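For clarity, every value in this text was computed on a predicted model and none was experimentally measured. A, B, ... follow the sequence lines: proteins, then strands. Residue 1 opens every chain.
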There are 2 protein chains.
Amino acid sequence: MSRAPVTDPGQAPLSDSAASDTERALAHAAEHCEAHGARFTAARRRVLAILLAQQGQPLTAYQLLDLLREQQPGAQPPTVYRALDFLMRNELVHRIESTNSYLPCNHQHCGHHHPEGEHWPQFLLCDRCGETREVPLDNALRQALTRQARDYGFEVGARPLELHGLCPGCRAEHE
Amino acid sequence: MSRAPVTDPGQAPLSDSAASDTERALAHAAEHCEAHGARFTAARRRVLAILLAQQGQPLTAYQLLDLLREQQPGAQPPTVYRALDFLMRNELVHRIESTNSYLPCNHQHCGHHHPEGEHWPQFLLCDRCGETREVPLDNALRQALTRQARDYGFEVGARPLELHGLCPGCRAEHE
DNA sequence: GGTGGATATGTTATAACATATCAATAGTGG
DNA sequence: CCACTATTGATATGTTATAACATATCCACC
Ligand SMILES: [Zn+2]
Ligand SMILES: [Zn+2]
Ligand SMILES: [Zn+2]
Ligand SMILES: [Zn+2]
């Protein structure tokens, strides 16, 4: 699996807007956890901050571990997997099954209440550059999927959809 | 991940209809390979036969390896991964990304020509019993997915959709 | 300001999934 | 038969994820 180069938030200076986006996201995460009685500890915050620094490029757990070790040299695989589990339980991070990688939830979709039910994300993944974009799953699409599954007798839930292809940039380059 | 018990085609006697389904599928596979200049060797046939014996329960590569070793004691991981690669290249087997497991293509959907393009399967997976059903991706759904992705500038291809939930049987038991 | 339960982290080891490499062998066409 | 290519055998390793158990921290209560 080829992957894009990673960004180390401790070294590579982010642009001002990216940095403030990250700060906003971290503040939001802290708030969200507080509201749910979950503890947003330093370890969890560090992991989320690293993921947020990647700008739409998911990281594998071991890439994350390498970056985490720059701040916390003793970190081990369980360190990152536990943080990821926590962040996923709290819907702050998603796992991309098709690439074994992890991405912060962008919650562009959580601004207001969803009558249709729980958070059902959809990802658009570029097979060329790795860019991964989370978009809201269209309601009509959601209903069509649920309904079609029900025609086969299945009751399906809100696991992320992963669609692979080429991002706008790579489409342009490609021809 | 919990998985259902496996069926060993060499020992557990299949019902007549299941056995003949398997034979038909194997014959079809042989034909299909012949037509494409691909060699349907004994090793590949054995692997496909084992998968076909599972009746809608995907196997992991190492479950498959254990079963294969009953016929071929020297089999190693590369033995099964090579066979799986071949079978996937020839669209005889699918990989289920969300469970790291493998399932024979049922090609209920390949009976006639598809104007919409390549084989774009959809799987309905039961999280309780593991049953995995391959169904044709509805054309309207396919178009909606393609179109919505294009609205975001992405050009997406025919990777399988994996929808998780409860199968009819497990829904009934569940309440 | 102790005590105890719950939650989180540290530490070591291992399970589970997948591929690289190179030598040996078997099919294929001249 | 020979050279060529695809396939298989065999060994080792890489990659992803969790088990198991010890320790530390937080917090409510006395
Ligand atoms: Zn999300
Ligand atoms: Zn791209
Ligand atoms: Zn199929
Ligand atoms: Zn079921």
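Annotation: side chain to side chain donor-acceptor pair (under 3.5 Å) contacts of Arg46(B) (sequence neighbours excluded): Gln72(B). Applying the ring-ring contact (aromatic ring centres under 6.0 Å, His included) rule to Phe123(B) yields the partners His94(B); only residues at least two apart in sequence or on another chain are considered.
Among the atoms of the strands shown, only primed sugar atoms or phosphate atoms (P, OP1, OP2) are found under 4.0 Å from some heavy atom of Ala43(A). Heavy atoms of Gln63(B) sit nowhere under 4.0 angstrom from any nucleic acid atom.
Residue pairs meeting the salt bridge (Lys or Arg N to Asp or Glu O under 4.0 Å) criterion with at least one member in residues 80-92 of chain A, sequence neighbours excluded, do not occur.
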Expected list for residues 30-40 of chain A: side-chain donor-acceptor pairs under 3.5 angstrom, two or more places apart:
unit_1, atom_1, unit_2, atom_2, d
His32(A), NE2, Asn90(A), O, 3.3
His36(A), ND1, His32(A), O, 2.7

Residues 56-67 of chain B, side-chain donor-acceptor partners within the protein, below 3.5 Å, at least two apart:
unit_1, atom_1, unit_2, atom_2, d
Gln57(B), NE2, Cys129(B), O, 3.0
Thr60(B), OG1, Gln63(B), N, 3.1
Gln63(B), OE1, Thr60(B), N, 2.9

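Atoms NE2 (His36(B)) and C1' (dA6(D)) sit 18 Å apart, rounded to a whole Å. In this structure, Gln72(B) atom CD and dT8(D) atom P are separated by 9 Å, rounded to whole Å. The CG-P distance, from Leu65(A) to dT11(C), rounds to 13 Å in whole Å. To the nearest angstrom, C1' of dA8(C) lies 14 Å from CG of Asn90(A). Rounding to whole angstrom units, CD of residue Gln76(B) and P of dT21(C) are separated by 19 Å. In this structure, CZ of Phe40(A) is placed 15 Å from C1' of dA8(C), rounded to the nearest angstrom. Taking atom CE of residue Met88(A) and atom C1' of nucleotide dT16(D), one finds them 13 Å apart after rounding to whole Å.
Remark: Arg147(A) CZ is loosely packed, at most 12 non-hydrogen atoms of other residues, nucleotides or ligands lying under 6.0 Å away.
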B/S/- contact track for nucleotides 17-27 of chain D, protein heavy atom under 4.0 Å: BBBBB----S-
